[in-house]
S.K.: 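Have a look at this one.
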Amino acid sequence: MDMSAADLSARAARIRLACFDVDGSLTDGRLIYLPGGGEAKAFHVHDGLGLRLLEENGIAVALVTARQVPVVDLRADDLKLSAVCQGVKDKAAMVKQLADERGLELDQVAFFGDDLPDLPAIRLVGFAAGPADAHPWLAAHLHWQSPQRGGQGAARAFCDLLLEAQGRRDAVLARFGG
């Protein structure tokens, strides 16, 4: 979608819940299987700080992923995120449930995803976003696409956009002495 800066800013200003897919969005999408059956994922520290800053500035964060991997719980716990939903078969239904639990309208919800399993949730929310390397069929439905690839700061760019649109940039910078 081709949106004006004013429309993007207005959408971003309404967001109170930001949902993020994990594989390909918060990671580079590679699956690393470990001997003994475990799985490893690499998360970018910039993305983590962005998610934490959303939480600290009144935007709840939920991880919504189809896979069930213990390392995702570890990352969510480390960042003290509002919700982690793993093993989700219907991401749109989960996003709707998360919004309902918080008394939010869907135009107050964002979803950040990268591939076709995210499409129903992307089409449901008020602000749909994804990384630079999102699948083209999904990307056609995004309101905004990060200049960074998944797992390489893409989610942080989205977090910064939300914080900026909600007038929180100066407060965030002040927290870090800027």
Side-chain angles (χ1 to χ4, degrees), residues 1-22 24-27 43-65 72 75-85 91-92 94-114 118 121-134 138-178:
M1 278 181 216
D2 193 19
M3 306 202 86
S4 72
D7 187 38
L8 284 174
S9 184
R11 284 177 184 275
R14 289 192 297 269
I15 300 306
R16 296 294 171 263
L17 170 63
C19 301
F20 292 83
D21 169 54
V22 175
S25 297
L26 294 179
T27 74
F43 295 95
H44 200 292
V45 68
H46 291 178
D47 290 340
L49 180 57
L51 298 177
R52 187 69 235 132
L53 291 171
L54 290 182
E55 289 273 356
E56 292 173 3
N57 285 279
I59 300 172
V61 172
L63 304 184
V64 180
T65 179
V72 172
R75 185 63 171 152
D77 289 346
D78 182 42
L79 296 173
K80 301 175 182 72
L81 300 181
S82 292
V84 58
C85 308
K91 292 183 182 185
M94 179 56 68
V95 168
K96 176 93 169 80
Q97 178 182 328
L98 289 165
D100 289 346
E101 288 170 356
R102 289 162 177 75
L104 299 174
E105 298 297 322
L106 289 170
D107 71 343
Q108 295 176 290
V109 179
F111 194 93
F112 190 92
D114 72 304
D118 303 320
I122 289 289
R123 296 182 74 191
L124 181 70
V125 299
F127 199 160
D133 57 342
L138 176 93
H141 297 275
L142 299 176
H143 298 115
W144 180 84
Q145 197 165 2
S146 175
Q148 288 85 12
R149 297 170 62 86
Q152 297 179 11
R156 174 60 179 275
F158 183 59
C159 295
D160 290 351
L161 178 94
L162 295 176
L163 292 166
E164 182 92 32
Q166 296 189 15
R168 302 300 302 163
R169 181 180 186 270
D170 290 343
V172 169
L173 287 173
R175 173 182 167 206
F176 294 97

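None of these values were measured; they are calculated from a predicted model.
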S.K.: Please walk me through it: do I15 and V109 pass side-chain contact (heavy atoms from CB on, under 4.5 Å)?
M.R.: CA-CA 5 Å; I15 300 306; V109 179; 5.6 Å; no
S.K.: Within the distance-only criterion (no hydrogens, no angle test), does the side chain of H143 pair as donor or acceptor with the backbone N or O of A128 below 3.5 angstrom?
M.R.: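 Yes, the answer is positive, given that a donor and an acceptor are paired below the 3.5 Å cut-off.
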S.K.: Rounded to the nearest 0.5 Å, what separates atom CZ in F20 from atom CG in D118?
M.R.: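 Answer rounded to 0.5 Å: 12.0 Å.
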S.K.: Can the ring centroids of F127 and F112 be said to lie less than 6.0 angstrom from one another?
M.R.: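 F127 vs F112: aromatic centres not under 6.0 Å.
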S.K.: Given S82 and R102, is the side-chain contact (heavy atoms from CB on, under 4.5 Å) satisfied, shown in steps?
M.R.: CA-CA 11 Å; S82 292; R102 289 162 177 75; 3.9 Å; yes
S.K.: For the residue pair L106 and A99, what are the closest heavy atoms and their distance?
M.R.: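 Where L106 meets A99 most closely, the heavy atoms are CD2-CB, 4.1 Å.
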S.K.: Could I get the full list of side chain to side chain contact (heavy atoms under 4.5 Å, CB included) partners for A62, not counting sequence neighbours?
M.R.: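 By the side chain to side chain contact (heavy atoms under 4.5 Å, CB included) rule, A62 matches L17, C19, V64, A83, L98.
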S.K.: Give me the atom names and distance for the closest heavy-atom approach of L138 to G113.
M.R.: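 For L138 versus G113, the nearest heavy atoms are CD2-O, 3.5 Å.
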S.K.: Look only at the side chain of R168 and the backbone of N57, and say whether a donor-acceptor pair between them is shorter than 3.5 Å.
M.R.: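 Pair absent, no side-chain N/O of R168 close to backbone of N57.
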S.K.: Where do A154 and S146 come nearest, in terms of heavy atoms and distance?
M.R.: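 Closest pair (atom of A154, atom of S146, distance): CA-OG, 3.3 Å.
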S.K.: Using the side chain to side chain donor-acceptor pair (under 3.5 Å) criterion, which residues pair with D47? Sequence neighbours excluded.
M.R.: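 Scan of D47 (side chain to side chain donor-acceptor pair (under 3.5 Å), adjacent residues dropped) gives none.
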S.K.: Mind checking side chain to side chain donor-acceptor pair (under 3.5 Å) for R16 and listing every partner two or more places apart, or none if nothing turns up?
M.R.: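 With sequence neighbours excluded, R16 shows a side chain to side chain donor-acceptor pair (under 3.5 Å) to Q166, given in chain and number order.
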S.K.: Please check: side-chain N/O of Q145 versus main-chain N/O of P131, any donor-acceptor pairing under 3.5 Å?
M.R.: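 Such a contact is found between Q145 side chain and P131 backbone.
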S.K.: With side chains defined as the heavy atoms from C-beta onward, is the minimum distance between R169 and L163 less than 4.5 Å?
M.R.: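 The answer is no, as the side chains (C-beta and beyond) never meet within the 4.5 Å cut-off.
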S.K.: Please tell me if the side chains of D133 and D114 come closer than 4.5 Å, counting only heavy atoms from C-beta onward.
M.R.: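 Answer no - side chains too far apart.
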S.K.: Taking all heavy atoms of V95 and all of F111, pick out the closest pair and write down the distance.
M.R.: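 Shortest heavy-atom contact: CG2-CD1, 3.7 Å.
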S.K.: Give the C-alpha distance, both sets of side-chain angles, the deciding distance and a yes or no for side-chain contact (heavy atoms from CB on, under 4.5 Å) between L49 and F176.
M.R.: CA-CA 12 Å; L49 180 57; F176 294 97; 4.2 Å; yes
S.K.: Between A110 and F158, what is the shortest heavy-atom contact and its length?
M.R.: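 A110 and F158 have their closest heavy atoms at CB-CZ, 3.7 Å.
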S.K.: From L162 CG over to R14 CZ, what is the distance, rounded to the nearest 0.5 angstrom?
M.R.: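 One gets 12.0 Å once the value is rounded to the nearest 0.5 Å.
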S.K.: What's the separation between atom CD in E105 and atom CG in D100, rounded to the nearest 0.5 Å?
M.R.: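 Those atoms lie 8.5 Å apart.
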S.K.: Is a side-chain donor or acceptor of R149 paired with a backbone partner of A132 at a separation under 3.5 angstrom?
M.R.: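 Answer holds: no.
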S.K.: Answer yes when D21 and K91 have at least one side-chain N-carboxylate O distance shorter than 4.0 Å, and no when they do not.
M.R.: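 Between K91 and D21 there is a salt bridge, with a charged N closer than 4.0 Å to a carboxylate O.
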S.K.: Drop me the distance from M94's CE to L124's CG, to the nearest 0.5 angstrom.
M.R.: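 These two atoms lie 13.0 Å from each other.
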S.K.: What is the minimum heavy-atom distance between R175 and L53, and which atoms define it?
M.R.: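 Result for this residue pair: NH1-CD2, 3.3 Å.
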S.K.: To the nearest 0.5 Å, how far apart are OG in S4 and CG in D7?
M.R.: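 Separation between the atoms: 5.0 Å.
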S.K.: Please check this pair: side chain of Q148 against backbone of A155, looking for a donor-acceptor N/O pair closer than 3.5 Å.
M.R.: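 Not at all, since once roles are kept as given, no pair shorter than 3.5 Å links the two residues.
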S.K.: State, with a plain yes or no, whether a side-chain heavy atom of L54 is found less than 4.5 Å away from one of C159.
M.R.: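 Contact flag for L54/C159 side chains = yes.
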S.K.: Check whether any side-chain N or O of Q152 sits under 3.5 Å from a backbone N or O of H44 as a donor-acceptor pair, and report yes or no.
M.R.: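 The answer is no, because no donor-acceptor pair under 3.5 Å joins these two groups.
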S.K.: Between S25 and V22, is there a donor-acceptor pair closer than 3.5 Å when you use the side chain of the first and the backbone of the second?
M.R.: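 Judged by distance alone, no pair lies under 3.5 Å.
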S.K.: Do L51 and L26 have side chains that get closer than 4.5 Å, going by heavy atoms?
M.R.: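 With C-beta onward as the side chain, the pair touches.
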S.K.: The test is side-chain contact (heavy atoms from CB on, under 4.5 Å); show your working for K80 and R52 and say whether it passes.
M.R.: CA-CA 7 Å; K80 301 175 182 72; R52 187 69 235 132; 3.6 Å; yes
